[in-house]
Amino acid sequence: MRFAPSPTGMFHVGSARSVLFNWAFALQNDGTLVLRIEDTDAARNRPEWIDGIVSAMAWIGIDGSKYEGPFRQSDNRDKHTAAAQRLYAQGRAYYCDCTREDVIARTGDQHRGYDGFCRDRGLGPGEGRALRFRAPDEGATVVNDLVRGETVFENAAIEDFVLTRGDGSVLFLLGNVVDDMDQRITHVIRGEEHLPNAPKQQLMWEALGAQPPAWAHLPVLVNEKRQKLSKRRDKVALEDFRAEGYLAAAMRNYLMLLGWAPKGDREIVPWDEMVTEFRLEDVNPSPAFFDVKKLRAFNGEYIRALPAEEFIAQCQPWLTAPAAPWSAERFDPAVFAELAPLAQTRVAVLPEIVAMVDFAFLPDPVEDEAAWTKAMREPAADILADVAAAYAEVPWQGDALRERLEAVGTAYGLSLGKAQAPVRVAVTGRTVGLPLFESLVVLGRTETLRRIEAARERVTGLA
RNA sequence: GGCCCCGUCGUCUAGCGGCCCAGGACGCCGCCCUCUCAAGGCGGUAGCGCCGGUUCAAAUCCGGUCGGGGCUACCA
């Protein structure tokens, strides 16, 4: 099977997504990719979800403008019922007035499905009567699946499923088929949980006199307990990842790797290459666990690969209200531009940028009790005093600042690593952070001295 | 219960009968580098669920078994 390069790449991202959000994908015979959300409850009750999902899809590069909408909201209602009537006229469907309770009473089994009671009762249409598809008694329906090969379903095991409700409304199974036929869909790509529906739908395609589409049931995504991801239980919304500072490119790259791998030992692969290399037939059929740790690692790689200006641009949402802990007036883009390159290798997710640079925009260093007690041990007060004295007149440059601090440390028999700790905490409030001397240069002599002095007083006051 | 799917390091995977006493990546652990933390470099850890069979040769083929998952609605 051949696909146009562009949609194929999307298909797989979509696969992961379809599991996350009940998206299904379909390819029309003119090559148009159609996205469809299959969770009509969400569509009906929370229309804003659709906008959110479509925008999230766009975020990772999937064109949501071809979105078709859930079948219930489509204009195909007439075609749906017409198809149901054709099936009835052909004798491929029959009316049934059994209630769920009736069936259970007869079969004594909650899970056995319909027993075919009304098959030959010759019931006509009527209020409260459902229309059921008459599944073949013998033979088998083989679903040729692009990712799993041939799957055989014994027809005898396929129950006479409902096509139309007692009130005449059409069910998903049929509506879906009719819409797909109407749109000349050639490929149905969806999550594995739909596999049991495929033989039923294929039977309908055939009964309606059409050539069934190519099916591709992609692996589901599971949680650490190996259960299918669920919206209630697991964090699955793509929007959440965007909000947490993951880059779209990293996200889509990671998603592609779930159930599929590029040739060679490559994992970080440009989107264009993914798109040309991806083939549905190569998708691994087993369920995959969504590993946030690995996503995070990928995100770090993508962040580091960003050009400096781009990195700065991506950080913006976290540097301004309401995310930023400082007031807008205190933020200085020029200062940030100096700090950004130092921070770029140190953030795995964008929001981490805040803790890296906040010392420069907050009026005072952040309060961190643990950092303070750890750094302000014994000779801290003396070191602070000596450094303050030395820094009062050094040329305000990185290497000079370093030399002076190193000298102070030596006087106390401390390595630079040990000696810098009190100064770092005094100035930034944190025990870890950007390279210290570059940070001091950006902060400026006056403010640096002020903070060192404040810390010294506090240490001696406590002592 | 029935039907269906799946089964390689903890995780995502490469592998499609000999190149594999199984390769890559994330994680984890060391070492180097180093003003902290990262980044970077080097090294390590760990896997073919099990049992039979086919074959000179099996992670790769076949059967069984065990385990996991999905579906089983007049939901989608």
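Only this structure's heavy atoms are used, side chains among them; waters, hydrogens and symmetry mates stay out.
In this structure the side chain of V143(A) never reaches within 4.5 angstrom of the side chain of E150(A), judged on heavy atoms. Residues V427(A) and S439(A) form no side-chain contact, since every pair of their non-hydrogen atoms from C-beta on lies 4.5 Å or further apart. Two residues are said to be in side-chain contact when any heavy atoms from C-beta on lie closer than 4.5 Å; P199(A) and I158(A) meet this criterion. For the pair F336(A)/C315(A), a side-chain contact is recorded, criterion being any heavy-atom separation below 4.5 Å from C-beta on. Using a 4.5 Å heavy-atom cutoff, the side chains of F311(A) and P341(A) are not in contact. Between K79(A) and V170(A) there is no side-chain heavy-atom pair separated by less than 4.5 Å. The closest side-chain heavy-atom distance from R148(A) to E192(A) is below 4.5 Å. For the pair L434(A) and V357(A), the minimum side-chain heavy-atom distance is below 4.5 Å.
At a cut-off of 3.5 Å, with distance as the only test, a side-chain donor of N176(A) or Q201(A) sits close to an acceptor on the other residue. For D145(A) and T151(A), the side-chain atoms include no donor-acceptor pair closer than 3.5 Å. For the residue pair D291(A) and Y254(A), no side-chain donor N or O sits within less than 3.5 Å of a side-chain acceptor on the partner. For the residue pair T428(A)/R424(A), the side-chain donor-acceptor check at 3.5 Å is not satisfied. Defined by atom type and a distance below 3.5 Å, a donor-acceptor pair is present between the side-chain atoms of Y94(A) and D160(A).
For C19(B), there is no paired nucleotide, since no Watson-Crick or G-U wobble pair has both relevant distances below 3.5 Å. Nucleotide G49(B) forms a pair with U65(B), judged by Watson-Crick or G-U wobble geometry with both contacts under 3.5 Å. Figure legend. U54(B) is base-paired to no nucleotide; pairs are counted as Watson-Crick or G-U wobble with both atom distances under 3.5 Å. If you check A25(B) for Watson-Crick or wobble pairing at under 3.5 angstrom, you find it paired to U11(B). Of the nucleotides present, G41(B) is the one that pairs with C31(B) by Watson-Crick or G-U wobble criteria, both distances under 3.5 Å. Across all strands shown, nothing is found opposite U60(B) as a Watson-Crick or G-U wobble partner with both distances under 3.5 Å. Base pairing analysis places A73(B) opposite nothing; no Watson-Crick or G-U wobble pair with both distances below 3.5 Å involves it.
No engagement by R266(A) is indicated, since no non-hydrogen atom pair under 4.0 Å with the nucleic acid exists. At the heavy-atom level, G128(A) lies under 4.0 Å from base atoms of the strands shown. Among the protein residues, L436(A) comes within range of the nucleic acid bases, having at least one heavy atom under 4.0 Å from a base atom. Heavy atoms of R430(A) sit nowhere under 4.0 angstrom from any nucleic acid atom.
When each of C75(B), C5(B), C3(B) is scored by its nearest atom to the side-chain atoms of R165(A), the top-ranked nucleotide is C75(B). The side chain of A130(A) sits closest to C74(B) out of G69(B), C74(B), C3(B). Side-chain proximity of K293(A) to U72(B), C71(B), C26(B): nearest is C26(B). Distances were taken from every side-chain heavy atom of F298(A) (C-beta onward) to each of C3(B), G27(B), A25(B); the shortest belongs to A25(B).
Among residues two or more places apart in sequence or in another chain, the ring-ring contact (aromatic ring centres under 6.0 Å, His included) test is passed with F437(A) by none.
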Any protein N or O atoms within reach of nucleotides 11-15 of chain B? Criterion: under 3.5 Å, listing atom names and distances.
residue: C12(B); atom: OP1; partner: R226(A); partner atom: NH2; Å: 2.3
residue: C12(B); atom: OP1; partner: F289(A); partner atom: N; Å: 2.9
residue: C12(B); atom: O2'; partner: L257(A); partner atom: O; Å: 2.9
residue: C12(B); atom: O2; partner: K294(A); partner atom: NZ; Å: 3.4
residue: U13(B); atom: OP1; partner: G259(A); partner atom: N; Å: 2.5
residue: G15(B); atom: OP1; partner: K263(A); partner atom: NZ; Å: 3.2

Interface polar pairs with nucleotides 20-22 of chain B, N/O, under 3.5 angstrom:
none

Using atom names, set out every protein N or O paired with an N or O of nucleotides 60-65 of chain B below 3.5 Å, distance rounded to 0.1 Å.
none

Could you run down the sub-3.5 Å N/O contacts of the protein with nucleotides 37-44 of chain B?
residue: C37(B); atom: O2; partner: R346(A); partner atom: NH1; Å: 3.1
residue: C37(B); atom: N3; partner: R346(A); partner atom: NH1; Å: 2.2
residue: C37(B); atom: N4; partner: R346(A); partner atom: NH1; Å: 3.3
residue: A38(B); atom: O2'; partner: T345(A); partner atom: O; Å: 2.6
residue: A38(B); atom: N3; partner: T345(A); partner atom: OG1; Å: 3.2
residue: A39(B); atom: O3'; partner: R304(A); partner atom: NH1; Å: 3.4
residue: G40(B); atom: OP1; partner: R304(A); partner atom: NH1; Å: 3.4

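Contact check of residues 413-426 of chain A against RNA chain B (heavy atom, cut-off under 4.0 Å) returns L416(A), G417(A), Q420(A), R424(A).
Taking the ring centre of F161(A) as origin, the terminal cationic atom of R132(A) falls outside the region bounded by 6.0 Å and 45° from the ring axis. Judged by a 6.0 Å distance limit and a 45° cone about the ring axis, R404(A) is not positioned over the six-membered ring of Y391(A).
Ring-centre distance between Y246(A) and F298(A): not below the 6.0 Å cut-off.
Following rounding to the nearest Å, D115(A) (CG) and A73(B) (C1') show an atom-to-atom distance of 15 Å. Taking atom OH of Y114(A) as the reference point, atom P of A73(B) lies 14 Å away to the nearest angstrom. Between the CE atom of M256(A) and the P atom of A25(B) there is a distance of 20 Å, rounded to whole Å. Rounded to whole Å, atom P of G70(B) lies 22 Å from atom CH2 of W215(A). Put simply, CG on L405(A) is 11 Å from P on C35(B), counting in whole angstrom units.
With P as the reference atom, U36(B) and A22(B) are 38 Å apart, rounded to whole Å. With C1' as the reference atom, G64(B) and U45(B) are 35 Å apart, rounded to whole Å. Spacing of P atoms, C12(B) relative to C75(B), comes out at 35 Å, to the nearest Å. C21(B) and C4(B): their P atoms are spaced 37 Å apart (whole Å). For the C1' atoms, the distance from G30(B) to G7(B) is 33 Å, rounded to whole Å. Nucleotides C71(B) and A14(B), compared at atom C1', are 31 Å apart to the nearest Å. Rounded to a whole angstrom, the distance from the P atom of U54(B) to that of G27(B) is 46 Å. Nucleotides G49(B) and G67(B) place their C1' atoms 7 Å apart, quoted to the nearest Å.
Ranked by how close their nearest RNA chain B nucleotide is to the 5' end, E159(A) and T151(A) are led by T151(A). Positionally, the nearest nucleotide of RNA chain B for E154(A) lies more toward the 5' end than for the other of E154(A) and F437(A).
Using cut-offs of 30° and 60° on the angle between ring planes, the pair W215(A) and W205(A) is perpendicular. Classified by interplanar angle (parallel below 30°, tilted 30° to 60°, perpendicular above 60°), the ring pair F290(A)/F241(A) is tilted.
Interface remark: the E438(A) side chain does form a donor-acceptor pair with the C35(B) base, using a distance-only criterion of under 3.5 Å.
Here R148(A) does not reach the OP1 or OP2 of C5(B): none of its side-chain N or O atoms lies under 4.0 Å away.
Ionic pairing of E273(A) and K263(A) is not present here: no N-O contact between side-chain nitrogen and carboxylate oxygen is shorter than 4.0 angstrom.
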